[in-house]
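A short write-up of the structure that comes next.
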Number of protein chains: 2
Amino acid sequence: MKTIVAKKIGRRPKRKANSPDLSKAKIVAAALNLLDRRGLDSFSLRDVARALGVYPTALYWHVPNRNALLAEIVAHALRHVSPPTDAGDWRIWLRELFRRYRREVRRHPNIAPLIGARLVSNAGAGLELVERILALLDGAGFRGRSLVDAYNVVIAAKVGFVTLEFATPPAKGIDDWKGALERQLSSVQSSTYPTLARYLPELANRAFILRWENGADQPLDAAFESFIEVVLSGLAERLRKSR
Amino acid sequence: MKTIVAKKIGRRPKRKANSPDLSKAKIVAAALNLLDRRGLDSFSLRDVARALGVYPTALYWHVPNRNALLAEIVAHALRHVSPPTDAGDWRIWLRELFRRYRREVRRHPNIAPLIGARLVSNAGAGLELVERILALLDGAGFRGRSLVDAYNVVIAAKVGFVTLEFATPPAKGIDDWKGALERQLSSVQSSTYPTLARYLPELANRAFILRWENGADQPLDAAFESFIEVVLSGLAERLRKSR
DNA sequence: ACCTGAACACCGTTCAAGT
DNA sequence: ACCTGAACACCGTTCAAGT
């Protein structure tokens, strides 16, 4: 009797002293940690549960399913991409946004296959950033359909390059795959592929399609900066023409 | 008796009359067909085997593993992206390349998560296209590090936008996910997100992050064309500066 | 050479049961 | 409310065996 009363009146019981005390935040943190270490191909809910010392099915109280958890992981990993404070020129602001985004993804490269190629992680970051980009482009002078297009160009540029740069290597049979690629490259003849043969030293493992490591091991810094400048000056050109 | 002799002497026995007669080409074709209809999330080797009327393990004689098969699928789906014949200006050629690439991906939208986000499909298309792009950029005037950067910019642009545009919606719980997104958008207040609220009709389901269908149902034609022009004029600008 | 067939070590998810 | 525990319907892959 007393205990029942105490339960009803006292503060929250805390279950047991050293109970796992699961929560969505803990699950997401453990899952991101696992994803960082093992990659998406070997990521499983059962491993997450194991890491938390809990039954696999316990996760389902806090998370609806695997895809939803993956979306939460992405949102959590990118929570600090929040836009920088206003700078004068819109180009400076966008440049900073692109760099910050890449910097955050680089901290958790294994989320790359989840950001560009899956719609699930869409609005995870909230609409704050969307509003800021729209306001910025509006302020720069984009209007109507031009603004919609410019917005899509910005997002595609922001996410596209980074998704490619950190694309995950195959988990299974990586050695065979690497070997095949290296053999393919080393057998390049200047008679059949003259330009490729000439530039091969600068291109091998440092250019898309011709690499066997991703941005986690071989960051494409120079290419990324070029990409930013191309997009920014291209946008500026479009703005000039639209008036 | 007769049959046995005929078997030994006659041309290749064909095993049985209506035998599956498996081959890598047949497997890839069946697999792509399945991928087109069901999506990557529900794609399985066992289903491929079922479609071919064969034991799952039979596939392993022709294909080393699942990832390798996925790479073959992508290569097969994009086999017609071969570069168009030479045009005068490098910009015209690249514009045509971008459009052709998107057109082919659009025929098999479910390969999108395999192209940008997985290194496995790297050199599947062969080095022919790489050589042509390099030669084109060299001819346009890019040299040394500028050429390497320009090449990476071109590939990132070519693959990036399309990967995003055809990013796959979540297979599980799609209704919940859609509902949540639509509710989030319909609750946008002009007091908190003024620009977003103003442009919401043009943006909803027609802009990255704010859509619940991908390019297969809602193609972003205008945005794609803008993206191309931004990249091309940006590259031209860089070329001007580099001399 | 090419496929069958059994087996292994996994999955995500549902649902009843406990506390 | 939150977790255990059993169970279901799957996976990819290895390996021996058949023909």
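For the numbers below, each heavy atom of this structure counts, side chains included, while hydrogens, waters and symmetry mates do not. Sequence lines set the chain letters: A, B, ... in the order given, protein chains first and strands last, and positions in each chain run from 1. Note that this is a predicted model, so its numbers are computed, not measured.
For B:Lys158 and B:Tyr101, the positive end sits near the middle of the six-membered ring, less than 6.0 Å away and at most 45° from its axis. For the pair B:Arg102 and B:Phe224, the cation sits on the ring face: its NZ or CZ lies under 6.0 Å from the ring centre, inside 45° of the axis.
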Tabulated below should be each protein N or O lying under 3.5 Å from an N or O of nucleotides 8-11 of chain D; please produce it.
from	atom 1	to	atom 2	distance (Å)
D:dC11	OP1	B:Ser44	OG	3.3

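In this entry the distance linking CH2 of A:Trp61 with P of D:dC2 reads 6 Å, nearest Å. Between B:His62 atom NE2 and C:dC2 atom P the separation is 7 Å, expressed in whole Å.
Ion pairing of B:Asp47 with B:Arg37 is absent here, as no side-chain N (NZ or NE/NH1/NH2) approaches a carboxylate O to less than 4.0 Å.
Phosphate proximity of C:dT13 to A:Tyr60: present, with a side-chain N or O under 4.0 Å from OP1 or OP2. Listed pair A:Tyr55 / D:dG5 meets the phosphate criterion, a side-chain N or O lying under 4.0 Å from OP1 or OP2.
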- DNA chain D base-pair string [pairs: Watson-Crick or G-U under 3.5 Å; |: paired with another strand]: ||.|||||...|||||.||
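The number of heavy atoms from other shown groups lying within 6.0 Å of CZ (A:Arg206) does not exceed 12.
Comparing the P positions of C:dA9 and D:dA9 gives an interatomic distance of 22 Å, to the nearest angstrom.
The A:Ala58 side chain lies nearest to D:dT4 when the options are D:dT13, D:dT4, C:dC3.
The aromatic ring centroids of A:Phe208 and A:Phe161 lie less than 6.0 Å from each other.
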